[in-house]
Amino acid sequence: MLQHALLSVGCKAWRALSCPISELRLDLTLGCGQTFRWRETGDGHWTGVMGGRVWTLTQTDDTLWYYVYTNQNNHGTGSVSEMGSSAESVPDKRLKGVGSMKQEDEEGLKVTSVHDSTEQELLKDYFQLNIQLENLYKDWGACDDHFRHIASIFTGVRMLKQDPVECLFSFICSSNNHISRIQGMVERLCHTLGPRLLTIEDTHYHDFPTLQVLADNGVEACLRDLGFGYRARFLQQSARLILDKHSPDWLHQLRGAPYEEAREALRTLPGVGVKVADCVCLMSLDKLDAVPVDTHVWQIAKRDYGCSSGNGQKTLTDKVHREIGDFFRQLWGPYAGWAHSVLFCADLKKFQKLKERAAGVKAEWVKSEGDQKGKSNSKKQKDRLSERNDAKGKTAKKMKLEKPFSRNRTVKEEGE
DNA sequence: CGTCGACCTCC
DNA sequence: GAGGTCGAC
């Protein structure tokens, strides 16, 4: 039976990609709620489906290791593609020890020559490794002290370039929901409607369902049975609308459209409001400056940046969405969506333990530098904002920066 | 342009 | 109530 790969057991079967930990942290990047398809199947080992293949990823200091499974030993249906069959049985042999390692090496090389470059490119593309995260962190932190201190702990948080179909339909599921439940829903969605790829240790790995399958009339009832609630209809109707009024690759084509245009196009789909549209733009359509504003991001803007947009309001109106988004775009620039994900990640409950370290670092810093530094910080931030205002020909009136950067804020207790 | 209730299910 | 959207005031 196929088993989840472990680097320590069969490292010769793994392939390596040079990638320092500062450029990518798998735990944060795969666990921050931008994708719902990866699980930690071993210590620091993440297994999931991407590009129609099943992968296990792990990393050491300067290396991203990846293992691509093949369908040999698959106990599922015969509908699995034959792609990669030349690598059959490599996983099992690797995991059984060192006895036949020599032969496996040769086999591994053969496999590598056929698939390695494609799969490596797939991985580079998915993690967008051509974009230098360290440089971006420096830019964002240069005029934003809050960011800099959070970022000193939350390194390597990067945006994935996801498949637009998977991204859209996953985020339609996200309304009124938290990450763990969305994960369960997406898992059931794929298990029920997506083609099976292979089975590892009794876990079935499926690809994401196609638009054609999602658009079927029976899908709503099916998904309601699976606990999707009112989102079941949104999913089916959105798929239907895309196929009827547009085309199967309409979503992909939105990669070539300007941000505003793509955003408005997505909003014509049922179940897609501003927040979901921004998520899809940022996470699958290359809109680097799309900032998805939800209640958490709103809290961050108010609590950590003294942003007063929507103060005294109960709900997130379109106007507040726009103002918060503009606020962060002014602050961070063209990669604002990427920067936002770092703070968003740091606000998640499951990463609070890490954040306490950040708070400690910050406390020491405040202690050693004193209040003067804090004051000049907020000045620096305002300078930066007005610079951007000037550059874009906008008035300072648009900015909602009220109070200076608060240095003694409490660690957030709630949230996912 | 902003508020309100409803929509599903889970904790 | 929840990381939201929709339709009606």
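Throughout, a chain's letter reflects where its sequence line sits, starting with A, and its residues are numbered from 1. Owing to the predicted nature of the structure, the values given are computational and were not obtained by experimental measurement. Values below: every heavy atom of this structure, side chains too, minus hydrogens, waters and symmetry copies.
To the nearest angstrom, P of dA2(C) lies 13 Å from NZ of Lys349(A). Rounded to a whole Å, the CD1 atom of Ile182(A) is 15 Å from the C1' atom of dC11(B). Met185(A) places its CE atom 15 Å from the C1' atom of dC11(B), with the value rounded to the nearest Å. Between the C1' atom of dG4(C) and the CD1 atom of Ile324(A) lies a distance of 17 Å, rounded to the nearest Å. We find that CG of Leu235(A) is positioned 13 Å from P of dC8(B), with the value rounded to whole Å. Per the geometry, CG belonging to Leu241(A) stands 12 Å off P belonging to dC6(C), to the nearest Å. To the nearest angstrom, P of dG4(C) lies 11 Å from CZ of Phe171(A). In this structure, the CD1 atom of Ile179(A) is 15 Å from the C1' atom of dG4(C), given to the nearest Å.
Across the interface with DNA chain C, nearest-nucleotide mapping of Gly33(A) and Arg267(A) shows Gly33(A) to be the residue nearer the 5′ end. With DNA chain C read from its 5' end, the first of the two nearest nucleotides for Asn177(A) and Pro270(A) is the one closest to Asn177(A).
A parallel orientation is assigned to the rings of Trp332(A) and Phe328(A), their planes being inclined by less than 30° (bins at 30° and 60°).
Remark: side-chain polar atoms of Trp55(A) are paired, donor with acceptor, to backbone N or O of Met50(A) under 3.5 angstrom. Panel note: side chain Glu323(A), backbone Cys307(A); no donor-acceptor pair is recorded below 3.5 Å. Formation of a donor-acceptor pair under 3.5 Å by the Thr29(A) side chain with backbone atoms of Gly156(A) is found in this model. Distance alone, capped at 3.5 Å, places no donor-acceptor pair between the Thr199(A) side chain and the Asp202(A) backbone.
Environment of CG in Asn135(A): crowded, with over 12 heavy atoms of neighbouring residues, nucleotides or ligands closer than 6.0 Å.
The nucleotide whose nearest atom lies closest to any side-chain atom of Val274(A) is, among dC4(B), dT5(C), dG4(C), dT5(C). Which of dT3(B), dA2(C), dG2(B) sits closest to the side chain of Lys319(A) comes down to dG2(B).
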For this session: Carefully, step by step, assess Asp304(A) and His146(A) under the rule side chain to side chain donor-acceptor pair (under 3.5 Å).
Result: CA-CA 7 Å; Asp304(A) 300 330; His146(A) 176 64; 3.1 Å; yes
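Taking a 4.0 Å limit (strictly below) on heavy-atom distances, residues 217-234 of chain A reaches DNA chain B at Arg224(A), Gly227(A), Gly229(A), Tyr230(A), Arg231(A), Arg233(A).
Figure legend. dG1(C) is base-paired to dC10(B); pairs are counted as Watson-Crick or G-U wobble with both atom distances under 3.5 Å.
The residue Ile300(A) sits apart from the nucleic acid: no heavy atom pair falls under 4.0 Å. Contacts of Val276(A) with the nucleic acid, taken as non-hydrogen atoms under 4.0 Å apart, involve only primed sugar atoms and P, OP1 or OP2.
When the side-chain nitrogen and oxygen atoms of Thr315(A) are compared with OP1 and OP2 of dT3(B), one or more of them lie within a distance under 4.0 Å. Note on Thr317(A): every side-chain N or O is 4.0 Å or more away from OP1 and OP2 of dC1(B).
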